[in-house]
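These notes concern the structure reproduced below.
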There are 2 protein chains.
Amino acid sequence: MKLQQLRYIVAMVRHDLNVSQTAEALFTSQPGVSKQIRALEDELGVELFNRRGKQIVSLTDAGERVVELASDVLQGVESIRTVGRELANPNVGELAIATTHTQARYVLPPVIAQFREAYPHVSLQLHQGTPSQIAEMLAGGDVDFAISTEGQAHFEDMALLPCYRWSRAVLVPDGHPLHRLHRLDGITVEALAQYPLVSYTFGVDAQSTLGKAFAERGLKPHIALSASDVEVIRTYVKLGLGVGVVARLAVDDSPRDGLVALDASAVFPPSTTHIVLPRGAALRGYSYDFIQTFAAHLDRDCVDAALSGGQPTIDVDALPLR
Amino acid sequence: MKLQQLRYIVAMVRHDLNVSQTAEALFTSQPGVSKQIRALEDELGVELFNRRGKQIVSLTDAGERVVELASDVLQGVESIRTVGRELANPNVGELAIATTHTQARYVLPPVIAQFREAYPHVSLQLHQGTPSQIAEMLAGGDVDFAISTEGQAHFEDMALLPCYRWSRAVLVPDGHPLHRLHRLDGITVEALAQYPLVSYTFGVDAQSTLGKAFAERGLKPHIALSASDVEVIRTYVKLGLGVGVVARLAVDDSPRDGLVALDASAVFPPSTTHIVLPRGAALRGYSYDFIQTFAAHLDRDCVDAALSGGQPTIDVDALPLR
DNA sequence: CCCCATTACGTAGCACGTAACAATG
DNA sequence: CATTGTTACGTGCTACGTAATGGGG
């Protein structure tokens, strides 16, 4: 059994069980992958993949279990590499983080500035994406950890560390009916439901905080447009496509470009931003530091507890609200 | 990084950091081991072993952590093999158990008879040894699990599953003063302390149940001889070397060879026999069956819970007493 | 002076890539 | 007919074994 063979089968499930695609992703040849998979199956004495003719269609029971174990093994190998790098050069390395536009643009800058000062020789990589893309990156080992606001459902088998809570704001043109309502009685979900909305792509499905707030009142929001970027959302609100619903921390209180941001923290319950880590992974020392800079209550012990499987006791209601 | 390299460094710590000895144990050449270790150190960029001149004297901090992770990785690889074998031939394979003489001779026979009938194509291997030897076998991956009565201290980082409790008997020549005492007031620790004892090698250290029973009363037993085998102990009691203290289940109630066994369950608190498993390992289906045949309350879920780290809730006081 | 780790060097095995082939939709 | 997986074959890398060298106690 070779580590390569394990890499191949794990990569296979991440590439729709397509040998050609897998080979391309791993910068090797199709026959090589095919052959190594057969070699592993021969050695284990079990078929790992169900084949229809020459097409690989699914994992066998054995395949399911073996791929799972192989992932653990490969993560262990990665951990060994990480430990090596850490003890060779504690302050030199890379840190790859997957996150959303809002985090990258409005929350992370001061954290990263402070981090850069402490670790000038660590090369930072910020990968942006939707929660499902972020989950993909994390599962594929492309990033060290993720900072995610919604879509916890995507992060099965990962350690979720609550960082802070955040509330929403409603973006409307100056003089919009909701603007006046906001000054008088305050905005309500019912009032919002009467207008087309412009919001985050990932914030509008049924499991999201936003989606649930409407569903609870038997309302179905009309989403005119969804984007992952506040600036894009602003643009379309200005164009009159609808009312923007965004993270409050992403907008100023003062009007800009004829748009005003109305505090909607009383309308929608706050969402929680999490740091997401693959269970069992090893982290660089500076990663712990980054995490604690981002969320002061997440010290090394707390993170280690989450990594080793136990859900740490964090009082979500005591988290800072932004 | 190659799996071989991980095997080499893990084997190194099991062989006193001696390259020659390690190479011999792995049926390969010293230079091969030496070179692969250097290759791994080069790849990781850290020395794993502290060398004084050309002598390897200890593990570095990095080495400590890497060896630990490497063990996990290798165990994962073993698990993959196990899963393969299981799904290829559920009823064919090997089962290696490490245990003490008493278990092998007096407790296991009916279990093994039943197991053999259910799984005639499983080759059983019974490895005997002292608790520390048993722990060594388990840590080295030489056996699938252990059945141990004492010396829990040896089994750091292992999953311990209580199976049953057992009490002791005192072996004396017919007509011995303790024989009469037993019929009148009953034996006491104090009475026993007046005679030289013959008992199990591993049962006489300070942490053992036996040792503690004496220590609690401020007594120090005089151990004339210790052996791992009841038949050996009988022999020396017959020779008049001292009074035997053995597991009750290892002796008949009726006299034999001029020796009588006196129930000492009221004198010493019962000991508990455990099945010991390496955390995180994968077991063959028939192994689960063997375990449950041995201790009916240890079903598959219970064993899996212990393997995955959680200590299962087993009421020790409710276990059968033998 | 013995034991042990490392260096040097030759070989055999195997993983990988190119090319050709088979099968499925 | 296009896409995908497998077989065939040649090559270059490397792990491994034998032999020789260097250091410590």
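Only heavy atoms go into these numbers, but all of them, side chains included; no hydrogens, no water, no symmetry mates. Every chain is numbered from 1, with letters handed out A, B, ... down the list of sequences.
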>> Assess the residue pair A:T60 and A:N50 against the criterion (side-chain hydrogen bond (donor to acceptor under 3.5 Å, both in side chains)); give the C-alpha distance rounded to whole Å, side-chain angles, the decisive distance to 0.1 Å, and a yes or no.
In response: CA-CA 6 Å; A:T60 62; A:N50 290 315; 5.4 Å; no

> Reading DNA chain D 5' to 3', which nucleotide is the first, and which the last, to come under 4.0 Å of any heavy atom in chain B?
Replying inline: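 Under 4.0 Å from chain B, the extent on DNA chain D is D:dA15 to D:dG25.
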
> Looking at residues at least two apart in the chain, or sitting in another chain, which of them share a side-chain hydrogen bond (donor to acceptor under 3.5 Å, both in side chains) with B:S20?
Replying inline: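 In terms of side-chain hydrogen bond (donor to acceptor under 3.5 Å, both in side chains), with neighbours along the sequence ignored, B:S20 is linked to no residue.
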
> Within the structure, does a side-chain N or O atom of B:S34 lie under 4.0 Å from either OP1 or OP2 of C:dA5?
Replying inline: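 Result: no.
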
>> At less than 4.0 Å, is any side-chain N or O atom of A:R51 found next to OP1 or OP2 of C:dT24? Yes or no.
In response: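 Negative; the distance criterion is not met.
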
>> So B:L26, base contact, sugar-phosphate only, or nothing? Heavy-atom distance under 4.0 Å.
In response: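 The answer is nothing, as B:L26 stays clear of every strand by at least 4.0 Å.
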
>> Rounded at 0.5 Å granularity, tell me how far CZ in A:R279 sits from CE in A:M158.
In response: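 Output value for this atom pair is 9.5 Å.
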
> Taking atom types as modelled and ignoring hydrogens, do the side chains of A:H101 and A:D229 form a donor-acceptor contact shorter than 3.5 angstrom?
Replying inline: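 Side-chain D/A pair, A:H101 to A:D229: present.
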
>> Any donor-acceptor pair under 3.5 Å linking the side-chain atoms of B:D144 with those of B:S287?
In response: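 Short answer, no.
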
Measure from [atom1] on [X] to [atom2] on [N] and round the result to the nearest Å.
X     : N      : atom1 : atom2 : answer
A:R52 : C:dA23 : CZ    : C1'   : 13 Å
B:L48 : C:dA5  : CG    : C1'   : 16 Å
B:D42 : C:dT6  : CG    : P     : 12 Å

>> Using a 4.0 Å heavy-atom cut-off to protein, can you give one letter per nucleotide of nucleotides 13-22 of chain C, 5' to 3': B if the base is in contact, S if only the sugar-phosphate is, - if neither?
In response: --SBBBB---

>> For B:F115 and B:Y119: C-alpha separation, side-chain torsions, deciding distance, then whether ring-ring contact (aromatic ring centres under 6.0 Å, His included) applies.
In response: CA-CA 6 Å; B:F115 179 81; B:Y119 298 99; 5.1 Å; yes

